[in-house]
Every structure is written in structure tokens, then in C-alpha cells.
Amino acid sequence: MVTLKEAVTKSDLKQFVKFPFSLYKDSRYWVPPIINDELETFDKTKNPAFKNAEANFFLAFKEGKLVGRVAAIINHLEINQQKLKKMRFGWFDFIDDYEVSEILLQKVAEIGNQQHLEYMEGPVGFSNLDKVGVLTEGFDHIGSMITWYNHSYYQSHYERLGFVKEKEYMENKFPARNADPKLFTKLNSLIKRRYGLKEVNFTKTKDVMPMADQMFDLFNETYSKLSSFVPITDVQKAYFKKKYISFINPEYIKFIVDKEDKLIAFSIVMPSFSKALQKAKGKLFPFGIFHLLKAKKQSKDVYFYLIGIHPDYQNKGVTAIVFNEYHSTFTKKGIDMCYRTPELEENIAIKQMWKHFDPVVYKRRRTYRKNLR
């Protein structure tokens, strides 16, 4: 018999966070989070997502053993502003036992029905900067700090329990050498002259901060028309600046501004921390921080985390400026492989942007949906 317990205390939430450590203890590909960072994500006093959202966390037990977990999430911005009566769920992990996955998702559905919502979708987080999607292809590739990894049996559980595909995401990779400068060097100069644009590069993290709010505003403008989009609020901007920007090499952040120094495009690339996080085993201290700092300086693999272009400048070749800047930086750093974070299959513009680099789809993931009532 499977029983549920709501994770409320700090001890409960630590169990919630640490469950995947046992579920994936024999996996070469799972990348553990930093335990304290995960706990902060679920702390209502620290994560600003809780100003516009609420969440309940559940643990599943069978014969006294922890066998599954799920976060049931309601995003009020999504419901009230976008009129999407959606019950979200994420951080959904379970042993290969249909009784376990079913009871956890039934609890999510119960909360959705109590709130008079129309459907449930997951796995998703609180916002567009959280992890998304269950992995359906690419199980033999190492995960990353910005995606969920899961066992191959997850997909069959969703489908057996009556869920259907909602959104499809692709993850691409290409060798840095595929970025032929002939494709963007001349265009880079032409586009800058034509529109009066210039690049802004950084060598110190503190110099990025004054422009970070503009970057998040531009992110909201860039992606506002995508079906899954939930805008980043002002309090979330401050939180993400503090939590993530220090992890990123400042020279991997590229801004493009117009004649009035208004930000019209940006891109953020992160070094791969996957192997460093595996060595850290969920803890920054005493040695985890050294593995991460080493990866930040020496990793030859990078992830294109975010890219945003103002709607007025889309399809005008602005990406040539961005790619030209990265080509220079990557050449100096000796970067080997470039990876892209999950991108919606429906996002045709992003596919067009990368087509000249001969990217290969190496992972697929999706969210699943089920109507309530």
C-alpha cells in the first residue's frame, strides 16, 4: 500500500530534495542539484515565485520506504492574467511502480479540482526560468544543472495514466568549430552600421548588474507570444540576479545596444557544470565549491542558456553580432562543444537562427497534460 505525506517541515523538504539521490545513485548521467539551493527554491520566505504562486510538496511511501515525490503548483499570474486554468506539477520522481505515480498525480488533480482548474500539466516549475519537461530521448547523455534527468520508464507512466503530450522540446548540440566566421563576420559589420548598434562586453560580474533588469525586461518582450510564457516579475529579477549571474563568466554575457544605449539583444552562455556537480554530490562545502569554480574557468563545453532579441529587431541579422562576439570569446577559451537548452518545437525562429551551425538534436523532452474533472 502506498501512502502520501505532505512535506512541510525542513526535515520533510530535505527528504523531498534528497530522494533523487537514491533513485539515481547508479546513474552515470544524472546531475545532482546543490541541496541547499533546492531547499531555498522551496522556501516561501526566499523564493519570490511564492508572491504569485503557491505549492504543496508530497512524498510517497511504500512499506515505510520513500518511493516518490511531486510538487503541486498554482501560478496565479498564469491563471488571472493569461486566463489559463492550469494546475502545474513538477519535481516529479518515482520508482517504476504505477501505484506510486498514480497516487502522486491523483493528489495533484485533487488540488486542481478544489481550485476549479481545468487541466494539469507537467513536469514544469514555477516560471519559464525553471526546469521543464520529462526526458523522452537522450537518456545516454549527461544531464545539466538547468534540466531534469529521468529514467526511461517515466514516459510510459504518463501515458498509461491518461496523459497526452502538451509541448515538445528539443535540445541541440554542435561543435564550436561549426561556427564558420564567414557566415557572420561581414554581416556583423553591416548590421551594426545599418542600425547604429554596438556590442557591450564584460570582464567583471559587477558591471553586468546595472543592465540586468533591462535584460529581464527584454526577455519578457521576446518570449511573450509563446504559449507557455509567464512573465518574470520585478522581485524575481532581483532573485535571479543574485542566484545565477555570479555563476556565469562575465565574458559569456553579450549585450547589443542601439544609438541611445537601449538594450535590443542579449545572450547568456554558461560553462557546463555537469561533471563538477556530480563530484560535488549535492554539497558546496568542503570541496564542491572548488569543483564548480574549476569548471567555471576551465570547462570546454558551454550551454546557450538564454537569448533575447527585441521584436523590432528580429529577422534583421542581429544574431550575426552575437555570434561574432562569441566566436572571438570561444576561440580564446578553446571551447569544444556548444549545447542549447530545451527549445519549444513550435519556435521556428530559433531553428532558423541556428541552422548554419549544423546542430544535432540529441535529446527530446515534453510536458504532459490531462483534463481535470
Side-chain angles (χ1 to χ4, degrees), residues 1-7 16 19-20 23-24 53-63 65-76 78-79 82-128 130-139 147-171 226-230 342-346 363-373:
M1 179 180 176
V2 179
T3 58
L4 288 187
K5 176 185 178 181
E6 184 170 0
F16 186 94
F19 171 63
L23 187 64
Y24 296 101
E54 56 186 282
N56 300 89
F57 307 97
F58 297 97
L59 300 167
F61 293 87
K62 189 170 188 176
E63 298 176 359
K65 183 179 179 181
L66 181 58
V67 290
R69 67 171 189 173
V70 73
I73 304 165
I74 297 174
N75 186 310
H76 294 292
E78 187 171 55
I79 294 169
Q82 296 183 314
K83 309 303 179 185
L84 292 176
K85 295 190 174 183
K86 177 167 79 178
M87 183 74 209
R88 291 174 162 240
F89 65 91
W91 288 273
F92 182 38
D93 290 290
F94 46 90
I95 64 170
D96 192 6
D97 183 327
Y98 288 104
E99 186 183 6
V100 174
S101 56
E102 182 174 24
I103 195 171
L104 286 164
L105 290 176
Q106 281 178 344
K107 190 64 181 179
V108 176
E110 178 186 316
I111 295 172
N113 281 318
Q114 289 171 352
Q115 297 296 320
H116 308 291
L117 301 178
E118 295 176 353
Y119 69 98
M120 53 194 285
E121 182 187 353
V124 294
F126 293 96
S127 77
N128 296 79
D130 286 320
K131 299 175 183 180
V132 65
V134 60
L135 192 65
T136 58
E137 294 179 22
F139 301 101
T147 56
W148 280 310
Y149 182 84
N150 56 265
H151 289 305
S152 58
Y153 60 77
Y154 278 40
Q155 182 176 357
S156 65
H157 281 246
Y158 282 101
E159 294 172 357
R160 177 168 168 169
L161 294 170
F163 284 76
V164 297
K165 182 181 79 169
E166 175 68 358
K167 300 180 185 73
E168 187 86 9
Y169 295 82
M170 299 178 297
E171 293 180 53
L226 290 179
S227 59
S228 62
F229 185 75
V230 178
E343 295 160 351
L344 273 170
E345 188 176 43
E346 69 189 57
K363 290 183 186 178
R364 290 182 183 273
R365 60 182 66 240
R366 62 179 56 165
T367 59
Y368 278 92
R369 169 184 175 140
K370 187 176 184 179
N371 290 337
L372 296 172
R373 301 181 185 278

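Remember, predicted model here, so these are calculated numbers, not experimental data. In this chain, residues are counted from 1 in sequence order.
Within the 4.5 Å cutoff, no side-chain heavy atoms of D97 are placed close to those of V67. Side-chain contact between R69 and P20: present, with at least one pair of heavy atoms (C-beta onward) separated by less than 4.5 Å. Residues L344 and Y169 form a side-chain contact, since some pair of their non-hydrogen atoms from C-beta on lies under 4.5 Å apart. L23 places a side-chain heavy atom less than 4.5 Å from the side chain of H151.
Shortest non-hydrogen contact noted between L66 and A60 is CD1-O, 3.4 Å. The two atoms that bring S156 and Y98 nearest to each other are OG-OH, 3.3 Å, heavy atoms only. Contact detail for L135 and N150: the closest heavy-atom pair is N-OD1, 2.7 Å. Nearest heavy-atom pair across I103 and L4 is O-CD1, 3.7 Å. Between N75 and E78, the shortest heavy-atom distance links the atoms OD1-N, 3.0 Å.
Ring geometry for H157 against F94 counts as tilted: the plane angle lies between 30° and 60°, on a 0 to 90° scale. In this pair, F92 and F89 present their aromatic rings perpendicular. The plane angle is above 60°, beyond the 30 to 60° band.
At most 12 non-hydrogen atoms from other residues, nucleotides or ligands lie less than 6.0 angstrom from CD of E63.
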Do T367 and E166 pass the side chain to side chain donor-acceptor pair (under 3.5 Å) test, and can you show the C-alpha distance, the side-chain angles, and the key distance before you say yes or no?
CA-CA 5 Å; T367 59; E166 175 68 358; over 6 Å; no

Begin from the C-alpha positions of Y158 and S101 and carry the test side chain to side chain donor-acceptor pair (under 3.5 Å) through to its verdict.
CA-CA 8 Å; Y158 282 101; S101 56; over 6 Å; no

How far apart are the C-alpha atoms of Q114 and E110, what are their side-chain angles, what is the distance that settles it, and do they pass the side-chain contact (heavy atoms from CB on, under 4.5 Å) test?
CA-CA 6 Å; Q114 289 171 352; E110 178 186 316; 3.5 Å; yes

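Distance check, rounded to the nearest 0.5 Å: CZ of F61 to CE of M1 gives 13.5 Å. In this structure, E54 CD and F126 CZ are separated by 10.5 Å, a value rounded to the nearest 0.5 Å. The distance from atom CD of E118 to atom CG of N113, rounded to the nearest 0.5 Å, is 11.0 Å. Interatomic distance, CE of M87 versus CD1 of I74, reported as 4.5 Å (0.5 Å rounding). In this structure, CG in L105 is found 4.5 Å from CZ in F163, a value given to the nearest 0.5 Å. With rounding to the nearest 0.5 angstrom, the CZ atom of R88 is 7.5 Å from the OG atom of S127.
Residue I111 is tested with L117, N56, L372, I73 for a side chain to side chain contact (heavy atoms under 4.5 Å, CB included); the sole match is N56. Partner of E121 under the salt bridge (charged side-chain N to carboxylate O under 4.0 Å, His left out) criterion, out of K370, K165, K86: K86 alone. Just one of W148, F19, F16, F58 meets the ring pair (Phe, Tyr, Trp, His ring centres under 6.0 Å) condition when paired with W91; it is W148. When the options E171, E345, E168, E137 are evaluated for a salt bridge (charged side-chain N to carboxylate O under 4.0 Å, His left out) with R365, the one that passes is E171.
Here salt bridge (Lys or Arg N to Asp or Glu O under 4.0 Å) pairs that include residues 148-160, with residues two or more places apart or in two chains, are E159-R366.
Of the N and O atoms on the side chains of D93 and Y154, at least one donor lies less than 3.5 Å from an acceptor on the other residue.
Between the side chain of Y149 and the main chain of F139, a donor-acceptor pair closer than 3.5 Å is present.
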